[in-house]
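Proteins get letters first, then strands, A, B, ... in listed order; numbering begins at 1 in each. All heavy atoms count here, side chains included; hydrogens, waters and symmetry mates do not.
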2 protein chains.
Amino acid sequence: MSLPALHDLEVSIPGIRIDTDPETLKMYARDQGPVQELIDPLAVVWAESVADVQETLRWASRTGTAVVPRGAGTGVSGGAHATRNCIILSLEKMNRILDIRPGDELAVVEAGVVNADLNDAVTPYGLMYAPDPASYKISTIGGNVATNAGGLRCAKYGVTRDSVLALDVVLADGTLIHTGHQSFKGVAGYDLTGLFTGSEGTLGIVVGVTVRLRYLPSDVRTVAAFFPDFRTAAAGVLAVGAARVQPSIMELLDGATMAALDGAHGSDLGSRGGALLLIQTDGFGAEAEAAAVRAVLTELGGTVSSEGSEEAERLLELRRHSRGDDVEHEIRVGEDVAVPRSQLVHYVAELERMAADHRVQLKVVAHAGDGNLHPTFWIASEEGAGGVERLNAALDESITIALRMGGTITGEHGVGQFKLRWLPQEQQAEVLALQQQIKAVFDPAGILNPGKAIPEV
Amino acid sequence: MSLPALHDLEVSIPGIRIDTDPETLKMYARDQGPVQELIDPLAVVWAESVADVQETLRWASRTGTAVVPRGAGTGVSGGAHATRNCIILSLEKMNRILDIRPGDELAVVEAGVVNADLNDAVTPYGLMYAPDPASYKISTIGGNVATNAGGLRCAKYGVTRDSVLALDVVLADGTLIHTGHQSFKGVAGYDLTGLFTGSEGTLGIVVGVTVRLRYLPSDVRTVAAFFPDFRTAAAGVLAVGAARVQPSIMELLDGATMAALDGAHGSDLGSRGGALLLIQTDGFGAEAEAAAVRAVLTELGGTVSSEGSEEAERLLELRRHSRGDDVEHEIRVGEDVAVPRSQLVHYVAELERMAADHRVQLKVVAHAGDGNLHPTFWIASEEGAGGVERLNAALDESITIALRMGGTITGEHGVGQFKLRWLPQEQQAEVLALQQQIKAVFDPAGILNPGKAIPEV
Ligand SMILES: Cc1cc2nc3c(=O)[nH]c(=O)nc-3n(C[C@H](O)[C@H](O)[C@H](O)COP(=O)(O)OP(=O)(O)OC[C@H]3O[C@@H](n4cnc5c(N)ncnc54)[C@H](O)[C@@H]3O)c2cc1C
Ligand SMILES: Cc1cc2nc3c(=O)[nH]c(=O)nc-3n(C[C@H](O)[C@H](O)[C@H](O)COP(=O)(O)OP(=O)(O)OC[C@H]3O[C@@H](n4cnc5c(N)ncnc54)[C@H](O)[C@@H]3O)c2cc1C
């Protein structure tokens, strides 16, 4: 693509903001995922309306320009990284909440609405938008849909997919389509809403989202339990399940994570145990459920917060804001595997063994209710190439073992660019081929976020 | 296809049961949906293993034979109706529960396992398979997946899709693929599990299903409330929502439905009100929720069952078994629209108006928590062609109005054959075309359940 082509785009959409300033390009060249090769986009384009998106895609189709859609750029798999000769299409200015319909328990939003802003807007109605990735204060609903984001509350309320009723999507050729329905249920035709959800911008640009809202719980209880080690804490997760209690949140932090929090926030978690389990129950049964949880965890040897103590809630807040601790002089890579629940304990034991075998540092947090773990491996930068090799070996092994246990390479962050190398380990060739053919149906010229989510043909 | 071709199939799969007996063909020619043109299949084939299904599809691909998969044949949209020159591939003998993993809260079953049998098998573990179509005692998990069946409990626990983690699917060419994962969460690649769910046998044959199990609730409470008329009862549904109580079940029956039940079971519902709302709450908060429900409904003027009364549960049982009342001398057609919740009251008012306008009889039951209504329209057979015309006019209008309110032509039964004529009213041409292209990816020769779920090209 040449500058005249960009000029064409400006002419097609009077007043559209297009930026080719090197500073801006740098800023929009990547999301928060690991970068293999940093590539600057040709331009950043900010859509302000559905028509802008349509016109941009018509132009991209004409000129054969790759389009990388971007919400807030908080993704951690490189899904929003710029690729060669692409433009970044930012949805961040399409941030209007179009409709809140309390009687229908739904809301209609533009893709660029920030998750927390939607929640703030519906709280006065006694409603909530349940999916709450830890990035909820900054990430967009469009980005959440494109990654099928999880979150803390999804132990009880499900992931983004479970709260999406309908989508407005602009296809590669600029066509605007509507999928789904504004009723809670509906089975007319194939589930295109589900197909777009989690497709990481490779099948179409999500411009509008109709979400189902849930009831703000009448009561919320939080329990914190310190355990001597991670394995016992993980056993606590299974014990709560065995007691047939379904918490809304069930987060697990290991000793190294607590040490990091202590370092960042001056807390003293590390002195109180080797692992921390944070559990929230909600709804009419919250108190009874919390009591059952406390009983089970005490029985298991946990040091459990007493009823009415506010500390547990403070700890959960700390956990919510615990990610993204970029540390200088260290090379860190975060993972996102999920395993069948009963494997939690074994998987963590394996992680500890791997870290020792490969001589890398390890910390782990987990959305434990869903068996979704975020191990972070790291080395000191000064360890150089040899260190990176060990780091990669540990990463690879952590994936292989998760898959062997029946798990997945990505519980919620998406494949993006970074996890493509592991996808063929999880999915058979025939399944990959089917997905490539589906991609070709939606995007025959391959201009939508090429090289992301699934391997290129 | 000729008899020699069938003989080939027998040779390919030694011992396979193939039946061409006219009686059998008649029995397997249709499901419980309306029949436009009764067509006998060429043969009925019973698969007993994944290999049988693969071999049958290889043979069908070679011979260009259409394959109509069939579970229990309880579908009500004609999805399992035989089409011209097809074989019926019955999964009913693939009825083994392959694995129950209480620690992972999942089970793995063959497609032909009956819904109730799975539930019976997991109850001893304190677990349940949540999706419970009213046909749960006879319909198969494979059929439930293929239709994305709803049920009574899905107000709280979601539809079939929400309980399916992974699928084993045989494609048109006989290839066996695996989608999904055995963890609760997972976002690797496109959501093929969701795409197959609800695809009514048009994209592949489901042979194995990994389902998520939920906790058997610690407590269950049922509330019955009689109202003078349907509209007030529907307002009760909204009032319970406004009280921010999420029941597991919320069923609404109108006067004509109660009269039918009275006729069939000798009950006296009709004398007690013009509409009945049945609500179940479950879990640790069940009692408090039931109390809140009773308060709200009493306030609204309902005659509400008292705490501890067993009648409400008996009524719910009655409701569970209330479908399928084929009446001689009448032509009946059941509908399955869903509307946004706030429209429930208006929609019912419209239904009553339509029935009067078109001079047809009407009764309505609704999975009201989800805004999913099953109106049944009927005429006396003796009314002849003119009556059928009025019946169809009422049906058509009921669909148009549901769509105008933001609803869908099918909340849970599927499009099958019967609802194809309305699909273009709900979905734009571009969306239909995309689905046809997806179908072509999975089934290029068009042998899988042709003419169902989406319009043929
Ligand atoms: C501190 C922190 C905590 C996090 N916690 C969680 C967590 O708990 N759970 C979780 O799941 N993730 C988490 N994440 C990851 C990230 O926030 C999510 O993936 C989020 O959904 C991305 O939203 P975004 O608006 O930033 O999208 P982006 O990063 O801009 O984009 C993400 C992907 O979606 C595509 N995309 C974006 N918008 C659209 C659109 N409108 N149409 C089509 N495609 C689009 C992009 O091309 C890219 O592939 C966390 C990240 C950080 C930095
Ligand atoms: C009394 C009664 C009550 C009902 N209540 C409900 C209800 O509450 N909620 C609800 O949603 N439905 C209900 N139904 C409809 C019906 O029971 C459901 O659609 C059910 O899911 C069908 O299951 P089945 O095994 O009978 O499938 P079938 O009727 O045999 O087939 C249904 C569709 O799925 C396809 N199919 C079947 N098995 C497979 C497979 N293994 N792989 C691929 N495709 C396959 C068929 O080709 C067909 O298109 C009810 C029906 C009756 C008769």
Side-chain angles (χ1 to χ4, degrees), chain A residues 103-105 126 147-148 150 159 162 175 177-179 181-191 194-195 197-199 215-216 218 238 241 244 246 283-285 288-289 338-342 370-372 406-412 414-415 423 426-428 430-431 434-435 437-438 441 454, chain B residues 103-105 126 147-148 150 159 162 175 177-179 181-191 194-195 197-199 215-216 218 238 241 244 246 283-285 288-289 338-342 370-372 406-412 414-415 423 426-428 430-431 434-435 437-438 441 454:
Chain A
D104 292 330
E105 297 165 15
T147 56
N148 192 11
V159 295
D162 299 304
T175 308
I177 64 164
H178 308 284
T179 72
H181 33 80
Q182 301 200 308
S183 51
F184 291 164
K185 280 164 70 180
V187 293
Y190 302 151
D191 183 5
L195 189 61
T197 304
S199 69
Y215 303 150
L216 269 184
S218 54
L238 303 188
R244 301 302 178 229
Q246 177 61 68
F284 284 78
E289 288 173 313
V339 294
R341 276 171 64 105
S342 72
D370 293 313
N372 183 195
T408 173
I409 65 171
T410 177
E412 59 178 19
V415 168
L423 192 58
E426 175 163 346
Q427 296 185 338
Q428 66 197 119
E430 290 88 344
V431 168
L434 279 173
Q435 295 177 83
Q437 287 173 269
I438 291 173
V441 164
I454 61 164
Chain B
D104 292 331
E105 296 164 17
T147 56
N148 192 13
V159 294
D162 299 304
T175 308
I177 64 163
H178 309 284
T179 72
H181 34 78
Q182 302 200 309
S183 50
F184 291 164
K185 281 164 69 180
V187 293
Y190 302 150
D191 183 6
L195 189 61
T197 304
S199 69
Y215 304 150
L216 270 184
S218 53
L238 303 187
R244 302 303 179 232
Q246 177 61 69
F284 284 79
E289 288 173 315
V339 295
R341 275 172 65 105
S342 72
D370 294 313
N372 184 193
T408 173
I409 64 170
T410 175
E412 58 177 19
V415 169
L423 192 59
E426 175 163 347
Q427 297 185 339
Q428 64 196 121
E430 291 88 344
V431 168
L434 279 173
Q435 295 175 82
Q437 289 174 268
I438 291 173
V441 164
I454 61 164

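Between chain B and the residues A:G241, A:S199, A:G194, the most heavy-atom pairs under 4.5 angstrom are made by A:G241. For the set A:I409, A:I454, A:D191, the entry with the most heavy-atom pairs within less than 4.5 Å of chain B is A:I454. Contact count against chain A (heavy-atom pairs under 4.5 Å) is highest for B:Q428 among B:H181, B:Q182, B:E105, B:Q428. Ranked by heavy-atom pairs under 4.5 Å with chain B, the first of A:V159, A:N148, A:D162, A:L434 is A:L434. Of the listed residues (A:G186, A:G283, A:G411), the one with the most heavy-atom contacts under 4.5 Å to chain B is A:G411. Between chain B and the residues A:G371, A:G407, A:S218, A:A288, the largest count of heavy-atom pairs under 4.5 Å involves A:A288.
Looking at B:T147, the atoms closer than 4.5 Å to chain A (heavy atoms on both sides) all sit in the backbone: N, CA, C or O. Contact of B:E289 with chain A is made through backbone and side chain together, with heavy-atom distances under 4.5 Å. With a 4.5 angstrom heavy-atom cutoff, B:Q437 touches chain A via backbone and side-chain atoms both. Looking at B:Q246, the atoms closer than 4.5 Å to chain A (heavy atoms on both sides) sit in the backbone and in the side chain alike. In this structure, the portions of B:D370 lying under 4.5 Å from any heavy atom of chain A include both its backbone and its side chain. Looking at B:I177, the atoms closer than 4.5 Å to chain A (heavy atoms on both sides) sit in the backbone and in the side chain alike.
For the atom pair B:E426 CD and A:H178 NE2, the distance stands at 12.5 Å (nearest 0.5 Å).
A pairwise comparison of heavy atoms in B:E430 and A:T175 identifies CG-CG2, 3.6 Å as the closest pair. Considering every non-hydrogen atom in both B:V415 and A:G189, the closest pair reads CG2-N, 3.9 Å. Scanning both residues, A:Y190 and B:Q435, for their nearest heavy atoms gives N-OE1, 2.7 Å. In this structure, A:G103 and B:R341 approach most closely via the heavy-atom pair O-CB, 3.7 Å. Between A:L423 and B:A188 the shortest heavy-atom distance is CD1-CB, 3.8 Å.
A search for side chain to side chain donor-acceptor pair (under 3.5 Å) contacts involving A:E412 returns A:H367, A:H374, B:K185, not counting sequence neighbours.
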